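Source: prediction; values computed, not measured. Atoms considered below: every heavy atom in the structure, side chains included; atoms not considered: hydrogens, waters and symmetry mates.
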Amino acid sequence: MSTIFSTSTNLSIMFSVVPMSLFSTPHKLFSQTYRTHNPIGLNWSLKSRTQRCKNSLISHVYSSEDKFPTMGAKSTGPISPNHLIEVVKTAAKTGAQVVMDAVNKPRNITYKGLTDLVTETDKMSEAAILEVVKKNFDDHLILGEEGGIIGDAASDYLWCIDPLDGTTNFAHGYPSFAVSVGVLYRGNPAAAAVVEFVGGPMCWNTRIFSATAGGGAFCNGERIQVSATNQVERSLLVTGFGYDHDDAWATNIDLFKEFTDVSRGVRRLGAASVDMCHVALGIVEAYWEYRLKPWDMAAGVLIVEEAGGAVTRMDGGKFCVFDRSVLVSNGALHAKLLEKIGPPTEKLKNNGIDFSLWYKPKDYRADV
């Protein structure tokens, strides 16, 4: 796989919040009014005078030209970006080699839940990644999907490791799945690498995505950027569903249906890191999901942001990797997507669904 390094500067992004009192229901975000009829005849018109009034107020908060809050680290700290990303990529590639060695062999599968799989390959990949991290940064804090918290909480660096994102796909020999390694500096993504497995049985290959905060995003050493599509009806979208079939799951089923009806389609691939890298690559326009964990998101969100995309929570608020929802997009569609995704997310919150930060290591200092 190619060596990847990054140079460039990050985008300067502004954020504004509308007072909750402006609305009769607690919608915090949204964008410019859709045109009454789009080019292919879908009717996006607002039916009532009340809705038109709300939308008029909303349009002054987020329009299609607005930018969204960045969440990447302001720097990589005392470790240089080049050094940090090389270790991150080496760690991800080392884990990916373990996965590649196992990909055409029988699986030894156990279960963490009724349908939540784990294989020996997950554990072996994580062990290989940990060895690389510890060899280079033995004082860093590590959060692995399989091994939990390791290291010193006093460290400013937190490694978020998913040694095999998309284990169910891997177990069935079905793309997509990946190895994802992201490192935070004071709680914000600083460097990231995702090794995606592409192809299928007997013809597996890989490609590596990487990014550093302020340094751009790359795939196999080539700079990548998000798509320029600014119409939902011309977009291909991606989402995901967790293992708990709760109210958030049911809400996303409804969103899946709604966006399937008005876009070119909604895919469910089954590996969050891959889904986000596809947004960064410009082959899909957006991805959203509830109830992800830090190791699912830490790498992918930085790759999207550095490819020119936008990253927020599903209620439109500023995102951090300890949040329980994420929406990533090409930026041009973000406000329009929030018009549909924001209200049901607010409803979940109002109904008592917990959206507080989670999986944040105790005593880890994070500027979030």
Side-chain angles (χ1 to χ4, degrees), residues 23-48 50-52 54-55 57-59 61-64 68 226-227 229-270 272 275-276 278-279 283-292 304 309-317 319 323-351 353 355:
F23 305 107
S24 59
T25 56
H27 304 164
K28 293 167 61 177
L29 35 93
F30 308 84
S31 74
Q32 213 165 7
T33 308
Y34 284 115
R35 289 171 292 179
T36 301
H37 296 283
N38 64 35
I40 62 172
L42 294 173
N43 188 345
W44 293 88
S45 61
L46 297 174
K47 302 298 184 181
S48 69
T50 301
Q51 276 301 113
R52 286 196 297 271
K54 287 181 183 178
N55 203 72
L57 290 169
I58 286 166
S59 69
V61 183
Y62 287 146
S63 74
S64 58
F68 292 84
V226 296
S227 79
T229 303
N230 62 6
Q231 297 179 49
V232 174
E233 61 270 20
R234 296 186 179 181
S235 300
L236 185 62
L237 309 173
V238 186
T239 190
F241 299 90
Y243 294 104
D244 294 328
H245 291 193
D246 57 4
D247 288 346
W249 185 91
T251 294
N252 203 31
I253 288 287
D254 291 337
L255 289 171
F256 185 98
K257 293 176 183 176
E258 185 168 7
F259 280 115
T260 297
D261 188 46
V262 298
S263 69
R264 286 183 172 171
V266 181
R267 303 291 182 255
R268 191 277 175 102
L269 305 180
D275 297 335
M276 287 187 267
H278 287 182
V279 175
I283 59 177
V284 298
E285 275 64 53
Y287 161 76
W288 71 89
E289 188 166 349
Y290 294 110
R291 300 290 174 71
L292 292 172
V304 170
V311 183
T312 67
R313 301 191 310 248
M314 286 173 65
D315 65 0
F319 172 84
D323 276 313
R324 301 192 191 217
S325 72
V326 67
L327 167 63
V328 304
S329 78
N330 64 359
L333 280 178
H334 210 84
K336 294 178 181 179
L337 296 171
L338 284 173
E339 283 202 336
K340 300 290 185 181
I341 292 172
T345 301
E346 289 288 352
K347 183 177 179 180
L348 286 172
K349 292 163 65 178
N350 292 338
N351 288 343
I353 298 296
F355 278 90

(message) For the backbone of Gly265 and the side chain of Ser263, can you confirm whether one donor and one acceptor N or O come within less than 3.5 Å of each other?
(response) yes
(message) Testing the basics here: between Thr312 and Gly317, what is the closest heavy-atom pair and its distance to 0.1 Å?
(response) CB-O, 3.4 Å
(message) Ignoring hydrogens, what is the shortest heavy-atom contact between Arg313 and Phe319? Give both atom names and the distance.
(response) N-CB, 3.9 Å
(message) How close do Ala272 and Leu292 get, counting heavy atoms only, and between which atoms?
(response) CB-CD2, 4.0 Å
(request) Grab the two heavy atoms, one from Ala286 and one from Leu337, that are nearest each other, plus how far apart they are. (result) CB-CD1, 3.3 Å
(request) Would you please name every residue forming a side-chain hydrogen bond (donor to acceptor under 3.5 Å, both in side chains) with Ser227, sequence neighbours left out? (result) Glu285, Asn330
(request) Enter the distance from Met314:CE to Lys349:NZ here, rounded to the nearest 0.5 Å. (result) 11.5 Å
(request) Measure the CZ-OG1 distance between Arg264 and Thr260 for me, rounded to the nearest 0.5 Å. (result) 14.5 Å
(message) Show the nearest heavy-atom pair for residues Val328 and Val304, with the distance to one decimal.
(response) CB-CG1, 4.0 Å
(request) Please identify each residue that fulfils side chain to side chain contact (heavy atoms under 4.5 Å, CB included) with Arg267, with sequence neighbours left out. (result) Leu236, Val238, Leu269
(message) What I want to check is whether the side chains of Tyr290 and Thr345 have a donor and an acceptor closer together than 3.5 Å.
(response) yes
(message) Distance check, rounded to the nearest 0.5 Å: Gln231 atom CD versus Leu333 atom CG?
(response) 9.0 Å
(message) My understanding is that only residues two or more places apart in sequence, or in another chain, count here; which of them pass salt bridge (Lys or Arg N to Asp or Glu O under 4.0 Å) with Asp246?
(response) Arg291
(request) Taking ring pair (Phe, Tyr, Trp, His ring centres under 6.0 Å) as the test, write out the residues that go with His334, two or more places apart. (result) Phe68
(message) Using a strict threshold of under 4.0 Å (side-chain N to carboxylate O), is an ion pair present between Lys340 and Glu258?
(response) yes
(message) Once rounded to the nearest 0.5 Å, what's the spacing between atom CD of Glu289 and atom CG of Leu327?
(response) 12.0 Å
(message) Check whether Ser329 reaches the backbone of Gly331 with its side chain - one donor and one acceptor, N or O, closer than 3.5 Å.
(response) yes
(request) Only counting residues at least two apart or in another chain, list the ones meeting side-chain hydrogen bond (donor to acceptor under 3.5 Å, both in side chains) with Thr239. (result) Asn252, Trp288
(message) Looking at Lys336 and Asn230, would you say the former's side chain and the latter's main chain have a donor-acceptor pair under 3.5 Å?
(response) yes
(request) Could you list the residues that satisfy side-chain hydrogen bond (donor to acceptor under 3.5 Å, both in side chains) with Asp247, not counting sequence neighbours? (result) none
(request) State, to 0.1 Å, how close Gly240 and Tyr287 come at their nearest heavy-atom pair, and which atoms those are. (result) N-CE1, 4.1 Å
